[in-house]
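Here the structure is laid out as structure tokens; the discussion comes afterwards.
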Amino acid sequence: MLTVHTIATVKSTVPLLAENGQAITQEFYKRLFANNPDLQHIFNMANQRSGGGGQSSALADAVFAYANNIDQIEVLVPAVQRIASKHASIGIEPRHYPIVGENLIAAIQEVLQLPDNHEALIAWGEAYGVLAQIFTETEESMYSEKETQPGGWRGFRPFTIEQIVEETPEVKSFYLKPTDGGAICAYSGGQYLGIKLTGTGDSYDEIRQYSLSSWGTEDYYRISVKAETHGAASQQLHQCAVGDTVELSAPNGQFLLNKNAPKHIFISGGVGITPLYSMVREALASGIAGDDIQFIDCCRSAEHQIFRTELAELKASTGLDLRLAFEFGEGADWVGYLSADILNKWLTDKTAHVYFCGPMPFMAALKGILNSIGFTDDQLHYEVFGPTTELPATH
């Protein structure tokens, strides 16, 4: 329990954190990896190689949010759940938190030029300890839940690639089964797996999260991955062959279906369809009628439409309202980017909940449009992959 004085001292640093947050977190990462090079097996080093801007900004925002809400921690619960899920997917352990704390406090001291034992450093040390405890307990709960359920496990488990399907020229689906032949644990639509690709030579392991793109009682997991131009992990995965082995952490994530919503709208952009397709499958399996589901699939053209056949079959068998939006070419209900006019025409029930996923600019623009035509933030659910969990504001 933090004292009133500690809380007041931390809150007094908010203006300095707002001004120097990026510099502090850049200094933090520099120190962290210099002092603990093995942690490069856990962190996304592609973000660091590209300058670390997104990762540094995300950490700076998190530190700022904690300082700003330190007297009302309950406000941070949703963010803690999201971050803890990501931590669980990459194997963060209690032993990592003191290392992170030591380097974070040292970075604050360096950037703000504070003397040893300054009261702000002491207060931040105490505050970080409380935050670390919150994360440790939350993550242990997640690890224990996955480990104790049928087919579950803790940490990383070897899986064999049983099948590879080329969905589009850039996207492949990988069907993964446990190498030990055992069972796998259940998951919810919208959740993801942590996948570890072992480094070779002097390279580090690459750990990424990929949404599960199937849902049901299968004895495999399916992920559908786009080969990103500068994506170290996705490029490595696309070079894998049937029979190769990867390591997976158990399914996790907080992007979940609200089964109490009156109607459900799913809007995908490109490979962002992966968690949404899984959620639609779960919705239909749980008894939600196809008439209460709309699915808008956005992609460049018919050639780039992922799960084209599967979506058409769902439409035919369940009656869900499927709309296609292409940037160019034939076969779509709309050609060009989604606009407020077309969405207002298609989405007539403003009580529905909307789930969307895709590139960051796509989601940021879409959120602004949805707000403008009558959907509140409480009705909007989205998944952001990468170092941040928030969408940038659009104008």
Within this structure, what is the [atom1]-[atom2] distance for the pair [X] and [Y], rounded to the nearest 0.5 Å?
X      : Y      : atom1 : atom2 : value
Leu237 : Ile164 : CG    : CD1   : 7.5 Å
Leu121 : Leu114 : CG    : CG    : 5.0 Å
Ser249 : Leu193 : OG    : CG    : 6.5 Å
Ser301 : Glu327 : OG    : CD    : 8.5 Å
Trp215 : Ser188 : CH2   : OG    : 8.0 Å
Leu370 : Leu380 : CG    : CG    : 5.5 Å

How are the rings of His381 and His353 set to each other: parallel, tilted or perpendicular (split at 30° and 60°)?
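Taking His353 first and then His381, their aromatic rings lie parallel (interplane angle under 30°).
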Quick one: sort the Phe266 and Tyr355 rings into parallel, tilted or perpendicular, breaks at 30° and 60°.
parallel
Hey, mind stepping through Glu102 and Asn35 against side chain to side chain contact (heavy atoms under 4.5 Å, CB included) and telling me if it holds?
CA-CA 11 Å; Glu102 177 184 344; Asn35 297 330; 5.9 Å; no
[Y] backbone acceptor or donor facing [X] side chain under 3.5 Å:
X      : Y      : result
Gln191 : Gly253 : yes
Asn344 : Thr348 : no
Asn36  : Asp38  : no
Thr13  : Leu16  : no
Ser141 : Glu137 : no
Thr136 : Gln133 : no
Tyr128 : Tyr97  : yes

Would Leu338 and Ile267 count as a side chain to side chain contact (heavy atoms under 4.5 Å, CB included) here? Give the steps.
CA-CA 10 Å; Leu338 293 178; Ile267 307 177; 3.9 Å; yes
Provide the closest heavy-atom pair for [X] versus [Y] in the form atom of the first, atom of the second, distance.
X      : Y      : value
Phe33  : Gln40  : CD2-CG, 3.6 Å
Asn103 : Phe28  : C-CD1, 3.7 Å
Phe326 : Ala302 : CE1-N, 3.5 Å
Ile273 : Ser268 : CA-CB, 3.5 Å
His41  : Asp205 : ND1-N, 3.1 Å
Leu17  : Trp124 : CD1-CZ2, 3.4 Å

Test item: [X] and [Y] side chains (from C-beta on) under 4.5 Å apart, heavy atoms:
X      : Y      : answer
Val354 : Leu366 : no
Trp153 : Cys185 : yes
Lys172 : His238 : yes
Trp334 : Ser339 : yes
Ile195 : Phe174 : no
Tyr66  : Ile134 : no
Ile92  : Phe135 : no
Phe356 : Ile296 : no

Working for side-chain hydrogen bond (donor to acceptor under 3.5 Å, both in side chains), residues Glu140 and Ser144
CA-CA 6 Å; Glu140 176 56 32; Ser144 296; 2.8 Å; yes
Hey, are Gln239 and Gln235 close enough side-chain-wise for a donor-acceptor pair under 3.5 Å?
no
Is there a donor-acceptor contact under 3.5 Å linking the side chains of Gln379 and Thr376?
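Present: a donor and an acceptor within the cut-off.
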Is the number of heavy atoms from other residues, nucleotides or ligands within 6.0 Å of [atom1] ([X]) greater than 12?
X      : atom1 : answer
Lys11  : NZ    : yes
Glu74  : CD    : yes
Lys350 : NZ    : yes

Tyr221 vs Tyr187, ring pair (Phe, Tyr, Trp, His ring centres under 6.0 Å): CA-CA, chis, key distance, verdict:
CA-CA 10 Å; Tyr221 292 130; Tyr187 59 94; 5.7 Å; yes
Please determine which of Asp71, Ile70, Leu2 meets the side-chain contact (heavy atoms from CB on, under 4.5 Å) test together with Val10.
Ile70
The criterion is salt bridge (Lys or Arg N to Asp or Glu O under 4.0 Å); which residues satisfy it with Glu93, sequence neighbours excluded?
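Scan of Glu93 (salt bridge (Lys or Arg N to Asp or Glu O under 4.0 Å), adjacent residues dropped) gives Arg95.
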Give the cluster check for Leu257 versus Leu212: same hydrophobic cluster or not, with ILVMFWY residues linked at side-chain heavy-atom distances below 4.5 Å.
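Unlinked, Leu257 and Leu212 end up in two clusters.
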Under 4.5 Å between side-chain heavy atoms, counting indirect links through other Ile/Leu/Val/Met/Phe/Trp/Tyr residues: same cluster for Phe64 and Val75 or not?
no
I'd like to know whether Asp377 forms a side chain to side chain contact (heavy atoms under 4.5 Å, CB included) with Asn371, so could you lay out the CA-CA distance, the side-chain angles of the two residues, the decisive distance to 0.1 Å, and finally the verdict.
CA-CA 7 Å; Asp377 284 349; Asn371 285 150; 3.2 Å; yes
Under the side-chain hydrogen bond (donor to acceptor under 3.5 Å, both in side chains) criterion, do Glu167 and Ser224 qualify, and how do the steps go?
CA-CA 8 Å; Glu167 304 286 356; Ser224 303; 4.7 Å; no
By the salt bridge (charged side-chain N to carboxylate O under 4.0 Å, His left out) test, which pairs, at least two apart or in different chains, include something from [range]?
range            : answer
residues 107-120 : Arg31-Glu110
residues 237-259 : Lys259-Glu282
residues 218-242 : Lys177-Asp219, Glu218-Arg281, Arg222-Glu310
residues 288-305 : Glu170-Arg300, Lys263-Asp292

So among Thr9, Thr3, Thr6, which one has a side chain to side chain donor-acceptor pair (under 3.5 Å) with Glu126?
Thr6
Kindly indicate, with the supporting measurements, whether the criterion side chain to side chain contact (heavy atoms under 4.5 Å, CB included) is fulfilled by Tyr382 and Cys357.
CA-CA 6 Å; Tyr382 52 88; Cys357 188; over 6 Å; no
Pair listing, ring pair (Phe, Tyr, Trp, His ring centres under 6.0 Å) test, anchored in residues 299-325, at least two apart
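Listed once each, the pairs are Tyr277-Phe307.
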